[in-house]
Each structure stands twice: as structure tokens, then as C-alpha cells.
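One structure is given here, and the rest of the page talks about it.
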Amino acid sequence: MKGIGYSVFLCFCVSFFFFSSNFYLFLLPHCMAIDAISSSQSITDGETLVSAGGIFELGFFSPGNCSNRYVGIWYKKTSYTHVVWVLNNMKPIILAGTLTINSEGNLVLLDGKQNLIWYTNASASSNNRIAILDDWGNFAHKDPNGSSVLWQSFDHPSNTFIPNMKLGGNDELGIYQTLTSWKSKNDPAPRNFVLNRDRKSLQKIFIVKGSVATVMNWTEEMKHWRSGQWNGRSFIRALGVPQDYINGITFTDDGYGGQYYTYSTSNSSNIATEVLDSNGNIEKKE
């Protein structure tokens, strides 16, 4: 880590050995979890952020048997090892990377040679911004007082739907928040299947086979799976998927022409995910 203050998962290991009368004292490691980085701070490969309640962790990982490195978010302290969100799924890092807030206040991802892999491109520069991981698994880049969110991971889903994340969009504003399947378990690059709302019948959802760009002009022939109408509590007549796979979803209208759906649990530590796998199937984990 660079800087002092917010940043990463730090473990301070101090050992004191006293060799007097065959006696020694060993002080065990003391670990402290940090959930955010601030201006000019960073985490490097091998370091992590941990949400305040210890629910989620953000760091570098390699999927399956792949050696490429990605920034991801996963549940911490559970046997459920699935990564629920990936930052650089289109541009993996070959050498060790760094996630930092630069002098202009942008959140940036650099590779081991300091090449720019990804950045937030905030509209105005500021050297007091933070990036924080919360207990719902959302990683947000904010202004110093936290009142303005400049960018957040919940607006850019990967292949996994978790509580409080929104899916849907606003056609007029060009907002499309969808689930997109990974290419394979070894490669999180977006691949063949996209889950989104039906723009003609907003209270239905579809899994469509094709690229995200193709989905914007989908046809009936492209639809891999579709739900029935949402009845206020769940989707009815869900074709090919058990009913309880898509219960508990709530629709909302943002008042500007956007329609979104989400679901929630009473406890953020409860694992509740909907994963769109590389075969176009919905896999549920609770």
C-alpha cells in the first residue's frame, strides 16, 4: 500500500523472542481490515480491501487454471468461492497490477509496467476522493464527503446478480445494466448470453444469445429463455427454470423512463446470488 489512512488488508506480525532461562514470548499476528483507499493510495496484487462488516473482499485473482490477473469482489469467510464481480474482464493483467486513486482523483488500474488498464474518468479533478467497498458488495468511487457517487460497481454487473444490485436500464439515456455470461470458468470476458428486461413488456426478463451489442436489437429468434409476467411477487410461467430461481424480485421506476429490478435479503451476510453461466443457465446459490 502507498499512503496512510484508508487502504488495504494489513497484517502486522511481530515476534519477540527472549532467550533467558530457556524462556521466550511469541506475540501472534494482529490483523486489521480496511475497506477503502483515498487519494494517492493503492492496493497491489496480494493486498485486499475488506468491507466494514467483513462480508465482502476486493482484490486480485486468477479464475480457474488461468494465470491472468483480474480485480474482483467475492464473499469473505465462506466456503462459497465464486467471484461476484470483475473490473477488468475485457483486459486482463499479465504482470502484477495496482488499483489506486491518482493525483487527479480518478480511480485507475495499472499493470506491472504502469500501463493504464482501466480508469473512471471523473468529470472534474479532485485529490480528496475515496473508493470504498461496502457490506452489500458495492465498490463506489465518491467525492470526499461521500455525497456524490462518481462510479460504482453495481452499475456495471458481471455475470452475477446479488442483493441490492439493479438490473434493467433506460433506453433514452442509453443505460443498459445486464448480466453477461463469462466465456468460461477460466475467462471472465463477456460471452454468449445476456440477461435483461424485455423492453416491450417491461415486467418480464429474457436470456438472449448473442453479444451485448446484438442484444440492443434483439429478435424473437435470439431469445434463449424467457420468464412469464411478474405478478408482484415472482415471475410466473418461467420457462425451463424452477420457480424459486427468480422469486423475490422487485420492479422499480426511476421516474425518468428507466425500469429496474432488484432483490434483497434481511442480512447482507446471507449468500444470495443468481449466476448466469457460460451455457446460458441461471444458477442460484443461497
Side-chain angles (χ1 to χ4, degrees), residues 1-11 31-64 66 68-93 95-102 105-112 116-120 122 129-142 146 149-166 177 179 182 188-189 268-273 275 285:
M1 167 187 170
K2 284 76 178 175
I4 302 173
Y6 292 95
S7 93
V8 304
F9 185 67
L10 303 174
C11 288
C31 300
M32 177 174 60
I34 306 298
D35 62 354
I37 55 175
S38 60
S39 181
S40 299
Q41 296 179 326
S42 65
I43 60 170
T44 57
D45 202 333
E47 300 174 322
T48 64
L49 298 180
V50 178
S51 65
I55 310 300
F56 285 94
E57 187 169 24
L58 179 149
F60 292 82
F61 77 102
S62 292
C66 175
N68 290 336
R69 302 297 282 171
Y70 300 86
V71 173
I73 296 173
W74 54 87
Y75 282 94
K76 183 175 175 59
K77 295 182 179 178
T78 73
S79 60
Y80 185 55
T81 59
H82 176 75
V83 172
V84 300
W85 179 81
V86 183
L87 174 65
N88 55 317
N89 58 350
M90 293 285 287
K91 198 170 182 180
I93 295 173
L95 299 174
T98 301
L99 184 66
T100 186
I101 295 180
N102 65 16
N106 282 305
L107 181 63
V108 300
L109 176 62
L110 307 171
D111 68 11
L116 183 64
I117 302 297
W118 174 93
Y119 68 109
T120 53
R129 289 172 177 155
I130 65 170
I132 185 168
L133 176 66
D134 68 27
D135 277 336
W136 291 106
N138 187 32
F139 184 49
H141 182 213
K142 300 181 177 182
V149 176
L150 306 171
W151 173 93
Q152 59 183 353
S153 62
F154 269 15
D155 289 339
H156 307 275
S158 181
N159 71 335
T160 305
F161 192 27
I162 61 176
N164 286 348
M165 178 183 286
K166 295 190 302 182
Q177 292 174 207
L179 293 187
W182 286 18
S268 62
S269 64
N270 292 338
I271 294 175
T273 67
V275 182
K285 177 69 176 181

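Hydrogens, waters and symmetry mates play no part in the numbers below; they use all other heavy atoms, side chains included. Numbers for residues simply follow the sequence, beginning at 1.
You'll find the side chain of Leu116 reaches within 4.5 Å of the side chain of Leu110, heavy atoms only. At least one side-chain heavy atom of Leu133 sits less than 4.5 Å from a side-chain heavy atom of Ile73. Residues Tyr119 and Asn102 have side chains not in contact (no heavy-atom distance under 4.5 Å, counting atoms from C-beta outward). Using a 4.5 Å heavy-atom threshold, the side chains of Asp155 and Val149 count as separate.
Applying the side-chain contact (heavy atoms from CB on, under 4.5 Å) criterion to Asn89, with sequence neighbours excluded, gives Val86, Pro188, Pro190. Shown here are the side-chain contact (heavy atoms from CB on, under 4.5 Å) partners of Asp134, two or more places apart in sequence or in another chain: Trp136, Asn138. The side-chain contact (heavy atoms from CB on, under 4.5 Å) check on Asp45 picks up Phe60, Arg69, Ala96, with sequence neighbours excluded. When the side-chain contact (heavy atoms from CB on, under 4.5 Å) test is applied to Tyr80, the partners found at least two apart in sequence or on another chain are Tyr75, Thr78, His82, Ile271, Thr273, Val275, Lys285. Listed by chain and number, the residues in a side chain to side chain donor-acceptor pair (under 3.5 Å) with Trp182 are Ser158, Asn159 (sequence neighbours excluded). In this view, Trp74 satisfies the ring-ring contact (aromatic ring centres under 6.0 Å, His included) rule with no residue, not counting sequence neighbours. Listed by chain and number, the residues in a ring-ring contact (aromatic ring centres under 6.0 Å, His included) with Phe154 amount to none (sequence neighbours excluded). Looking at residues two or more places apart in sequence or on another chain, you find a ring-ring contact (aromatic ring centres under 6.0 Å, His included) between Tyr70 and Phe61.
Atom OG1 in Thr120 sits 7.5 Å away from atom CZ in Arg129 (nearest 0.5 Å). One finds the CZ atom of Phe139 at 8.0 Å from the CG atom of Leu87 (value rounded to the nearest 0.5 Å).
Of the listed residues (Ile93, Leu99, Asp111), just one forms a side chain to side chain contact (heavy atoms under 4.5 Å, CB included) with Asn88, and that residue is Ile93. Put simply, the residue from Leu58, Thr48, Val71 that forms a side chain to side chain contact (heavy atoms under 4.5 Å, CB included) with Ile43 is Leu58. Partner His156 forms a ring pair (Phe, Tyr, Trp, His ring centres under 6.0 Å) with one of Trp151, Trp118, Trp85 and no other, that one being Trp151.
Listed for the Ser51 side chain is a donor-acceptor partner under 3.5 Å among the backbone atoms of Phe56. Looking only at distances, a side-chain donor or acceptor of Asp135 sits under 3.5 Å from a matching main-chain atom of Gly53. Using modelled atom types, no side-chain atom of Ser42 and backbone atom of Thr100 make a donor-acceptor pair closer than 3.5 Å.
Heavy-atom minimum distance, Ile130 versus Ser38: CG2-CB, 3.9 Å. Asn68 and Pro92 make their closest contact through CB-CB, 3.7 Å (heavy atoms, listed as atom of the first residue, atom of the second, distance). Here the closest non-hydrogen pair linking Leu107 and Ala131 is CD1-CB, 4.0 Å. The two residues Gln177 and Lys166 have their closest heavy-atom pair at NE2-O, 3.0 Å. The two atoms that bring Gly105 and His141 nearest to each other are O-NE2, 2.9 Å, heavy atoms only.
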